[in-house]
Amino acid sequence: MALHAVAYCERLFYLEEVEEIRIADERVLAGRILHETLPDDQPLTSYVLESELLGIRGKFDALKRQDGRFVVVEHKRGRSCKTADGNHDAWDSDRVQVVAYVLLLAEHLGLAADEIGAQVRYHANHRTVEVTVDEAAQVEFDRWMTRTRELRRGHQRPPPTTAANRCLSCSLAPVCLPEEERLARDPAWDTVRLFPADTDRLVVHVLEYGDRLSRSGERLTVWGRNGTKLADHPIEQIAQVVIHGAAQVTTQALALCMAKDVQVHFLSRGGRYLGATTAGSGGVQRRLRQYEALSQPALRLGLARRLVATKVRDQVRHLLRVARQEHRRSPLIDSAIKTIRSCIGRAERASESDELMGIEGEAGAAYWSAFPDLMLPEVDASWRPKGRSRRPPKDACNALLSFLYSLLYRDVVAAILAVGLEPSLGFHHRARSQAYPLAEDVMELFRVPLVDLPVVASLNRRQWTGEHVQDCGPGGWLLTEPGRRQAIRIYEERKAETWKHPVTGYSLSYARLIELEVRLLEKEYTGRPGLFAKRNLR
Ligand code: SF4
């Protein structure tokens, strides 16, 4: 399979064999089903052979006797390759794979390679193609073997294949992002969206004191305090589990989540992020590249400038939405817009990190001073914020903002871990608390669209009342259970909304956009930069 991958696309080989990223999409699953459901007249016995001399181990689909000689048969779900003269042939990647099987078998049987037959059966167009294992085929096999060794030694991913149509049927396209890389190189490139627009998997919240998440076979069930079943899903439908406050999770449920690569995140009752389970040390090459890249001050500053400029641009756009309605303009909003606008250009030109932080702080102070004016006069005074207060939140609105920011932080941590980056290694925020600097960096891109906008909109719709929040004295203000439930619903609905990426030109949900931005950031570390944090608020 590794030889098949390298002959198909060197980058695919690197992602699968070196970085050990494998995604079983529907095409991969269909291939597996094909091997399990071949018709009765097809030889089915598969063999695993290994050779120290050749340096390979392979499992071939079938072996049959035909005209007195052994014939290795490889089954493929797709169509055969059409030659210029209209004949059918095997694809290069299929050819090198079946040649490897023949060489393995020849060594084990003590035969010459040309004494063994080789066939590839293409099921989409019902063709069986003969493959000749002559000297030229063996030279080709050696060439690819040499190339796999070279690639295994390197830290850098090879570039995407130049045969862009191969990416259309590649299961790793959502990780590789070949179209985005081509676009970064050539701004005129007409991008095809290979990154899924939405996720059909759920985030399961176990919210209340006494609620419990347990396992039953391959399913997870949420039980209420009084023994009622609140939710029940197959593990394949679950993307993340979030345990809030004093809710419980059983060891068996935790073990299933870890086995299936479903992250479990823990939040305190007040919404403070406590940590997450992860499925091991994957992503070594990605982390090495991250360390190497972030040890370059110029690269760090370049990313931080882009990040801050995008965040500040989001803030000014949020204020401009209201300022466009003449009757709602206020001197504070006008003044904040003026200040923040002046910050954008300065952020893009900042020559050092401290200067950038100062500009970000100046824009933030202006934004938060005008923030209460974004609310309609009818909004209850108890929900109007008195500035931005974090630890602890000093009013109801700040309790809501803090809770939603912690949900956002959790989603960003989840994306960083899924991509295989080191969350402790950021490029803008400094390590000052238990928070991961990289997660704090990336979440700057989403604070306005995923939290500030829905908070203002829901307050203006007067969806929040006294039952949603409580004053806990020195502990600050906290959302109550109904408040947390409503906040989660508003946040998840906002994440499901779609948004057209202004650079790539395709639409995707905010939930997917978080992962896309982290993957684009990872590309900045691979020497193919350009698209991270290049977006504008809708
Ligand atoms: S998406 Fe394209 S470039 Fe990326 S690994 Fe697959 S075939 Fe290669």
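Numbering of ligands and ligand atoms starts at 1, following listing order. Each residue takes its place number in the sequence, starting with 1. What you see is a predicted model; the values in this text were computed from it and never measured.
Taking a cutoff of 4.0 Å between a charged side-chain nitrogen and a carboxylate oxygen, Lys523 and Glu180 do not qualify as a salt bridge. With salt bridges taken as basic N to acidic carboxylate O contacts below 4.0 Å, one links Arg157 and Glu19. Ion pairing between Arg512 and Glu515 holds under the 4.0 Å rule for side-chain N and carboxylate O.
Legend: protein N/O/S atoms lying under 2.8 Å from atom 4 (Fe) of ligand 1, waters omitted, number 1.
A donor-acceptor pair under 3.5 Å is absent between the side-chain atoms of Arg447 and the main chain of Lys311, judged by distance alone.
For residues 405-423, the set of pairs meeting the side-chain hydrogen bond (donor to acceptor under 3.5 Å, both in side chains) definition, not counting sequence neighbours, comprises Gln240-Arg410, Gln240-Asp411, Tyr405-Asp452, Asp411-Tyr491, Asp411-Lys495, Glu422-Ser424.
For Arg166 and Tyr8, the positive end sits near the middle of the six-membered ring, less than 6.0 Å away and at most 45° from its axis.
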